[in-house]
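Contents: one structure, followed by commentary.
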Amino acid sequence: MTKTPPVVLLVFNRPELTRRALAAIRRAQPERFFVVADGPRRDRPGDAAACAAVRELLQREIDWPCEVRRDYAEENLGCARRVSSGLDWVFAQVEEAVVLEDDCVADESFFPFCAELLARYREEPKVWHIGGANFQAVAQPGRYYFSRYNHVWGWAAWRRSWANFDWEMKDWPELRESSWLRDELGDHWAARYWREAFDAVAAGRVDSWAYRWTYAMWRRGGLAALPGANLVTNIGFASGGTHVRAADRRLSRAATALQFPLPPSEAIARDIAADDFTERTVFSGGWRGALRGKASRLVRRIVGGNESR
């Protein structure tokens with residue numbers, strides 16, 4: 001049996017979702033388990049009690065033999081700051097980890113998938129991220145592929161890659177005026193969509209660590225390894241999440257099992273057809289028709305941290 005890597009659970013104020021995410025992690029029995037929690041908002045009645053309920057649940061229901069480390073914020077840091085600072089804390093202690101949020105329920109095959117690819121690409125600088133989500137039209141449960149899109153509904157990474165996370169997006173003001181995005185994406189509309197997304201994050205209009213992670217990967221040519229079948233179900237659509245307001249059929253799909261053994265390592269090159277499909281159906285394809293309306297709302301459709309805000 002493949003040993004489960006260290007697992008990180010990101011939580012806030014949703015005890016029932018946390019219980020379901022934790023139940024999936026329990027089946028994997030990680031020997032090292034990290035919990036990162038944000039603190040209550042002062043202006044939201046009930047937050048303190050809800051955050052306390054989550055922490056009490058974790059105290060009670062982490063009941064398998066493991067080393068548990070907790071990073072609990074006393075005050076609310078916000079989704080982006082809490083996740084990024086929590087992962088800084090985790091990767092200061094371990095070389096690699098699997099990361100799940102409180103609304104992400106993983107299939108059992110997600111954990112051995114991450115374990116195998118973490119080992120396979122540990123020394124490969126081109127591979128930065130291992131994702132658990134798949135939004136393709138047809139599942140291919142016997143394969144995985146490489147992508148520019150680092151889906152974060154269940155994922156894994158190494159310290160070496162997370163070290164490049166760029167909170168400040170320092171060179172974005174210069175790059176946004178260049179042809180970088182157009183050259184990277186090969187499509188005018190996609191470039192407009194992502195420019196809007198990165199502008200919104202840089203200006204603080206969208207509280208996202210995940211877009212910053214995407215930006216860091218794209219700047220340095222990093223790739224994500226994604227499964228041929230969806231391995232993680234997001235159960236947070238109807239639970240007050242910040243960035244996902246209503247279930248989208250393309251995104252709220254059930255998890256299915258991946259088939260093992262995984263195929264041998266292949267050339268590390270992104271699957272262009274799969275990426276084009278993702279761009280059209282998950283990102284800029286829906287944005288094009290909304291340019292005359294409030295396009296910024298679509299920027300929030302799929303970002304990291306569906307934290308109640």
Side-chain angles (χ1 to χ4, degrees), residues 4-64 66-94 96-106 111 132 152-157 159 162 165 167 206-210 212-213 232-244 303-309:
T4 301
V7 173
V8 184
L9 180 61
L10 307 169
V11 301
F12 180 40
N13 66 355
R14 300 185 286 185
E16 178 55 27
L17 298 191
T18 301
R19 183 191 63 77
R20 293 171 64 183
L22 182 63
I25 294 170
R26 181 185 292 109
R27 290 193 292 270
Q29 299 275 298
E31 295 179 3
R32 300 189 72 181
F33 189 35
F34 296 84
V35 182
V36 175
D38 205 356
R41 298 161 294 188
R42 293 183 178 181
D43 61 342
R44 298 293 182 92
D47 249 17
C51 289
V54 167
R55 298 178 189 194
E56 290 168 6
L57 179 149
L58 292 167
Q59 187 68 35
R60 182 176 65 251
E61 297 196 18
I62 301 175
D63 53 7
W64 66 93
C66 65
E67 174 192 352
V68 183
R69 296 192 179 185
R70 297 174 172 86
D71 184 18
Y72 289 175
E74 294 303 316
E75 297 183 351
N76 188 263
L77 301 179
C79 178
R81 283 290 186 187
R82 176 66 292 208
V83 172
S84 60
S85 64
L87 292 179
D88 286 345
W89 171 76
V90 169
F91 284 113
Q93 301 173 70
V94 295
E96 57 196 35
V98 175
V99 183
L100 287 156
E101 297 183 52
D102 62 356
D103 55 5
C104 294
V105 176
F111 298 98
V152 295
W153 290 352
W155 59 286
R159 176 190 292 170
W162 183 255
F165 179 81
W167 174 269
V206 172
D207 185 31
S208 172
W209 62 273
R212 289 178 167 92
W213 181 222
V232 180
T233 301
N234 189 298
I235 59 173
F237 285 99
S239 302
T242 304
H243 303 299
V244 183
V303 295
N306 300 324
E307 188 169 329
S308 298
R309 294 253 173 261

Please name all residues satisfying side chain to side chain donor-acceptor pair (under 3.5 Å) with E75, sequence neighbours left out, ordered by chain then number.
R42

Kindly give the heavy-atom pair with the smallest separation between V152 and A210, and that separation in Å.
CG2-CB, 4.1 Å

Criterion side-chain contact (heavy atoms from CB on, under 4.5 Å) on V7 and F111, from CA distance to verdict
CA-CA 9 Å; V7 173; F111 298 98; 4.2 Å; yes

Would you check if V8 and W89 make a side-chain contact, meaning some heavy-atom pair closer than 4.5 Å?
no

How many angstroms lie between CH2 in W153 and CD1 in I235, if you round to the nearest 0.5 Å?
12.0 Å

Counting only N and O atoms by type, is there a donor-acceptor contact under 3.5 Å from the side chain of T4 to the main-chain atoms of A28?
yes

Any donor-acceptor pair under 3.5 Å linking the side chain of N13 with the backbone of D47?
no

Straight-line distance of R70 CZ to Q59 CD, nearest 0.5 Å
4.5 Å

Spacing of T18 atom OG1 and L9 atom CG [to the nearest 0.5 Å]
6.5 Å

Taking all atoms of both residues into account, what is the closest heavy-atom pair of A106 and L100, and its distance?
CB-CD2, 4.3 Å

Taking N234 for the side chain and C104 for the main chain, is one N or O donor matched with an acceptor at less than 3.5 Å?
no

Considering non-hydrogen atoms only, spot the tightest contact between P5 and P30 and give its length.
O-CB, 3.9 Å

Which atoms form the tightest heavy-atom contact between G86 and V36, and what is the distance?
CA-CG1, 3.8 Å

Evaluate whether atom CD of E16 has more than 12 neighbouring non-hydrogen atoms of other residues, nucleotides or ligands under 6.0 angstrom away.
yes

Is W162 close to V90 at the side-chain level, that is, under 4.5 Å between some pair of heavy atoms?
no

Looking at R32, I'd like to know if its CZ atom is crowded, meaning that more than 12 non-hydrogen atoms belonging to other residues, nucleotides or ligands lie closer than 6.0 Å.
yes

If you compare all heavy atoms of F91 against all heavy atoms of A97, which two are closest, and at what distance to 0.1 Å?
CE2-N, 3.9 Å

CG of D102 to CG of L17, rounded to nearest 0.5 Å, is 5.5 Å

Measure across G39 and C51 and return the closest heavy-atom pair with its distance rounded to 0.1 Å.
C-SG, 4.1 Å

Does the plane of the ring in W213 sit parallel, tilted or perpendicular to the ring in F165? Use 30° and 60° as the thresholds.
tilted

Find the distance between CG (D63) and CG (L58) and round it off to the nearest 0.5 Å.
11.5 Å

Got a donor-acceptor contact below 3.5 angstrom from the D38 side chain to the G78 backbone?
yes

Tell me whether the guanidinium CZ or amine NZ of R82 lies under 6.0 angstrom from the six-membered ring centre of F12 and within 45° of its axis.
no

Applying ring pair (Phe, Tyr, Trp, His ring centres under 6.0 Å) to W167 and not counting sequence neighbours gives none

From D71 atom CG to Q93 atom CD, the distance as rounded to the nearest 0.5 Å:
8.5 Å

Sequence neighbours left out, what passes side chain to side chain contact (heavy atoms under 4.5 Å, CB included) with E61? Give chain and number order.
R19, L22, R26, L57

